[in-house]
Amino acid sequence: MTVQWRKNQSWQTGKYSNWNQWCSVLASLLVAIVLSGCSATTTPNGSDENANDNSASQTIPNDNSVPLNNFNSSDQPGDVPNDQGGGSIETDEVAAGPDQQVLSGQVAALSVNQPLSNLGEQFSFIWDQIGGPAVELDDPTSPTPRFLTPQQNEDVELVFDLRVSGPDGATSQSQVRVLVEGNRAPVSQAGFDREVLSGDQVVLQGCASFDPNRLDELTYSWRQLDGPVVVLQGLPSEQLSFRAPTVETPQSMQFELTAADLSGAKAVDTVLVTVRPPADEAPIVITSSWQNTTAGDVNIDIDWYLPDGTEMPIERNYWGPSGVEAVNLPAAQAADGLHRLNFYLDGDGRSAEITYDVNFLGYEFSVDQLLQGRYFRTIVLDVQDGVARVVYNGWLEGNETGAGQPTMLHGAEYQVGWRHATNGEVNVELDLYLPNGDAMPVWRTYWAEQGFESIIIPEEVVLEDGNYQLDLFLDGAARLADLNLAVQFPCYIFEQQETLQGKYGGRIGLDVTDGETRVVYNSLLDPVEPGSGGASNQHPLEVVAGWRNSNGGQANIDIDVELPNGSSQTNLPVWRNYWNEYGYERAFLPQEVELEDGLYEFSFTLAGQGVSSEVTYQLRFLDYFFNVHETLLGEKTYLITLSLQDGVVTELANTWR
């Protein structure tokens with residue numbers, strides 16, 4: 001099991017939690033102890049912590065350290081004395097908590113294996129580091145000391161020894177290991193390739209880049225690598241723009257985005273912008289011809305389907321040694337939306353020389369090949385304002401330029417194309433669910449040797465804050481297919497090319513807050529891969545639990561959050577998934593909600609019925625962060641109780657530990 005406890009500095013509660021306030025609390029509770037100016041603290045056994053040679057300075061000599069007002073022993077859970085508890089716990093039952101895995105440059109916390117509310121003042125603690133690069137504990141006599149993890153690019157292991165003294169004079173000793181993950185290089189994402197027209201104002205958008213450690217503020221730089229030279233406008237940032245040059249024939253321009261984190265680690269990505277001449281009113285022409293057939297007749301059909309599904313009339317030839325099918329229509333016939341062009345060859349084992357030409361609102365594509373037997377290909381064009389852009393071209397391999405991808409013209413796009421279905425047809429389905437649970441309309445293909453599905457949220461639609469769920473399903477029986485999946489939301493892109501077989505499903509959960517998108521769950525990636533999901537860092541309270549790789553069947557996870565008594569609602573609404581081989585649940589409080597003091601109770605339940613699942617659970621509450629990644633089997637239940645008082649979150653119980 002991997003447990004993480006990290007401090008997030010970004011939350012401002014409007015309440016104060018400084019040392020002087022805690023001293024006032026301590027003075028009122030322990031009138032026998034005099035805290036003069038709060039310049040020293042008293043350990044549970046009554047000694048002055050500043051007299052302890054192992055005590056740590058409050059100033060951490062690190063340029064990336066947390067400001068002292070955010071790194072103070074007074075913030076520690078359990079510092080407020082509790083006269084209750086402790087009597088029923090034996091000294092040898094108190095030990096260091098579980099091994100941890102944390103990030104470089106973070107505030108981490110050690111802990112004991114018992115709820116702090118049960119320990120009271122009857123136990124004393126001394127933590128001592130015995131392995132790894134030296135760090136400074138803010139209070140080595142606290143049951144939950146904090147420290148800044150060292151800044152480095154490689155993983156290192158820290159080892160701490162804990163000595164516990166009980167009320168009867170007995171002592172116990174235990175150790176805990178903390179694996180500090182080295183700084184991970186950022187992920188640079190320059191956006192999907194796109195097509196523009198001469199004179200267009202083009203925005204290069206790199207805000208989908210991210211830091212896998214979720215710590216650093218990234219810096220960005222753009223440069224042009226190829227094509228007609230243009231002037232990039234704007235200050236160095238994730239977003240720059242330029243005016244597309246005037247061209248007479250399509251010209252490609254390539255730009256490179258470098259994203260760097262605070263440690264200097266860098267990553268680069270490139271984007272291709274194809275500039276086309278201004279659109280004209282040339283008619284739409286689609287033709288297909290065949291000749292030189294071997295040993296008999298063949299037949300070719302071409303079809304053109306409008307965005308509303310209507311089929312356009314085609315000039316047709318049928319079976320013969322040669323023939324032509326064609327359509328020639330005014331440009332005004334092409335309404336905005338997705339247009340599908342299908343091509344069929346029925347040769348019954350015979351071959352023919354085939355020519356296929358498309359001239360469609362500025363999009364041009366030609367094929368001249370010798371084909372045999374039965375053959376099917378489709379092209380899907382997205383028409384906007386009289387200009388056609390390719391989103392899928394089954395004549396090309398998925399990684400070829402021009403094979404299609406999101407246009408970057410809409411508020412959000414979710415699409416999949418499939419090719420090379422072996423031994424028959426397959427069906428791929430997409431679904432996108434809005435925060436209110438409604439499903440978006442889908443442009444569907446259904447069963448075919450190749451096909452395309454797309455969901456578009458128009459640019460003029462303001463994305464409501466909340467949870468968006470994107471589902472992918474392949475039904476191929478035992479057949480294979482090459483899938484190209486692409487997602488484009490504001491400041492989020494995801495692309496995957498993979499050969500899949502049989503029945504397959506995937507799910508992505510996205511958080512949209514103030515127009516920015518963060519991934520909270522992506523079953524298409526391994527849980528340890530960058531971009532696989534987790535708490536979005538957009539909310540003061542958020543819980544995410546996901547499961548993947550259920551072995552031998554389906555599992556179900558339930559999470560629940562009980563709010564303090566007196567709250568306007570007792571339980572926090574949860575975005576729920578149910579029995580499946582994969583899924584996630586999520587609950588959060590929006591930024592604008594005022595947090596009430598009191599107890600917050602979090603429950604996690606796995607129902608596996610003998611099935612094991614790879615489970616990730618993340619809980620973020622102001623500056624409290626708890627993370628578990630573990631393979632669990634069967635039926636499991638875990639509970640966490642946190643107290644919020646004056647902006648300070650205290651862990652009272654945690655049965656994961």
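Ser209 contributes a side-chain N or O that, together with a main-chain N or O of Gln189, makes up a donor-acceptor pair within less than 3.5 Å. Between the side chain of Gln224 and the backbone N or O of Asp226, at least one donor-acceptor pair lies under 3.5 Å. Using a distance-only test at 3.5 Å, with no hydrogens or angles considered, no donor-acceptor pair links the side chain of Gln497 to the main chain of Leu485. Within the 3.5 Å criterion, the main-chain N or O of Leu500 finds no donor-acceptor partner in the side chain of Glu498. Between the side chain of Asp526 and the backbone N or O of Val528, no donor-acceptor pair lies under 3.5 Å. The backbone N or O of Leu218 sits nowhere less than 3.5 Å from a side-chain atom of Asp261 that would complete a donor-acceptor pair. Under the 3.5 Å distance criterion, the side-chain polar atoms of Glu400 are left unmatched by any main-chain donor or acceptor of Gly404. Trp222 contributes no side-chain N or O that, together with a main-chain N or O of Glu256, makes up a donor-acceptor pair within less than 3.5 Å. Side-chain N or O atoms of Arg184 include one that pairs as donor or acceptor with a backbone N or O of Gly182 at under 3.5 Å. Side-chain atoms of Thr141 never come within 3.5 Å of backbone atoms of Phe125 as a donor-acceptor pair (strictly under, hydrogens ignored).
Between Met253 and Val230 the shortest side-chain heavy-atom distance falls below 4.5 Å. In this structure the side chain of Asp193 never reaches within 4.5 angstrom of the side chain of Val273, judged on heavy atoms. A 4.5 Å side-chain heavy-atom check between Leu232 and Leu204 finds at least one atom pair inside the cut-off. With a 4.5 Å cut-off on side-chain heavy atoms, Arg389 and Gln405 do not count as touching. The shortest side-chain heavy-atom distance between Gln618 and Val628 does not fall under the 4.5 Å cut-off. Between Pro435 and Asn467 there is no side-chain heavy-atom pair separated by less than 4.5 Å. Looking at Leu642 and Thr650, their side chains never come closer than 4.5 Å, going by heavy atoms from C-beta outward. For the pair Val202 and Arg243, the minimum side-chain heavy-atom distance is 4.5 Å or more.
Note on ring orientation: taking the six-membered ring where Trp is involved, the planes of Tyr584 and Tyr521 are parallel (angle under 30°, cut-offs 30° and 60°).
Outside the 6.0 Å centre-distance limit, the rings of Phe452 and Trp418 are not counted as a close aromatic pair. Under the 6.0 Å cut-off for aromatic ring centres, Phe588 and Trp575 do not qualify, their centroids lying 6.0 Å or more apart. Checked against a 6.0 Å centroid threshold, the rings of Tyr468 and Phe489 count as neighbours. When ring centroids are compared, Phe621 and Tyr600 come within the 6.0 Å threshold.
Heavy atoms from other residues, nucleotides or ligands lying under 6.0 Å from CZ of Arg177 number 12 at most.
Partners of Asp200 under the side-chain hydrogen bond (donor to acceptor under 3.5 Å, both in side chains) rule, at least two apart in sequence or in another chain, do not exist in this structure. Phe242 meets the ring-ring contact (aromatic ring centres under 6.0 Å, His included) test with Phe255; sequence neighbours excluded.
Donor-acceptor pairing under 3.5 Å is lacking for the side chains of Thr274 and Glu195. Residues Glu495 and Gln488 have side chains that never bring a donor and an acceptor to within less than 3.5 angstrom of each other. Side-chain contact of Ser613 with Ser550: a donor-acceptor pair under 3.5 Å is present, judged by distance alone. Side chains of Glu154 and Asn183: a donor-acceptor N/O pair is absent below 3.5 angstrom, by distance only. Between the side chains of Asp482 and Thr499, at least one donor N or O sits under 3.5 Å from an acceptor N or O.
Electrostatic pairing of Asp471 and Arg507 counts as a salt bridge here, judged by a charged N lying under 4.0 Å from a carboxylate O. In this structure, Arg620 does not pair ionically with Glu542, as no charged nitrogen and carboxylate oxygen lie closer than 4.0 Å. A salt bridge does not link Glu614 with Arg548: every distance from a Lys NZ or Arg NE/NH1/NH2 to an Asp or Glu carboxylate oxygen is 4.0 Å or more. Comment: Glu585 engages Arg576 in a salt bridge, judged by a side-chain N to carboxylate O separation of less than 4.0 angstrom. Asp139 has no carboxylate O lying under 4.0 Å from a charged side-chain N of Arg146, or vice versa, which leaves the two without a salt bridge.
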Side chain to side chain contact (heavy atoms under 4.5 Å, CB included) evaluation trace for Arg419 with Leu483: CA-CA 7 Å; Arg419 301 165 170 83; Leu483 267 64; over 6 Å; no
Chi angles and distances behind the side chain to side chain donor-acceptor pair (under 3.5 Å) call for Asp465, Thr513: CA-CA 5 Å; Asp465 284 359; Thr513 301; 5.0 Å; no
Chi angles and distances behind the side chain to side chain contact (heavy atoms under 4.5 Å, CB included) call for Val574, Val561: CA-CA 8 Å; Val574 180; Val561 182; 5.7 Å; no
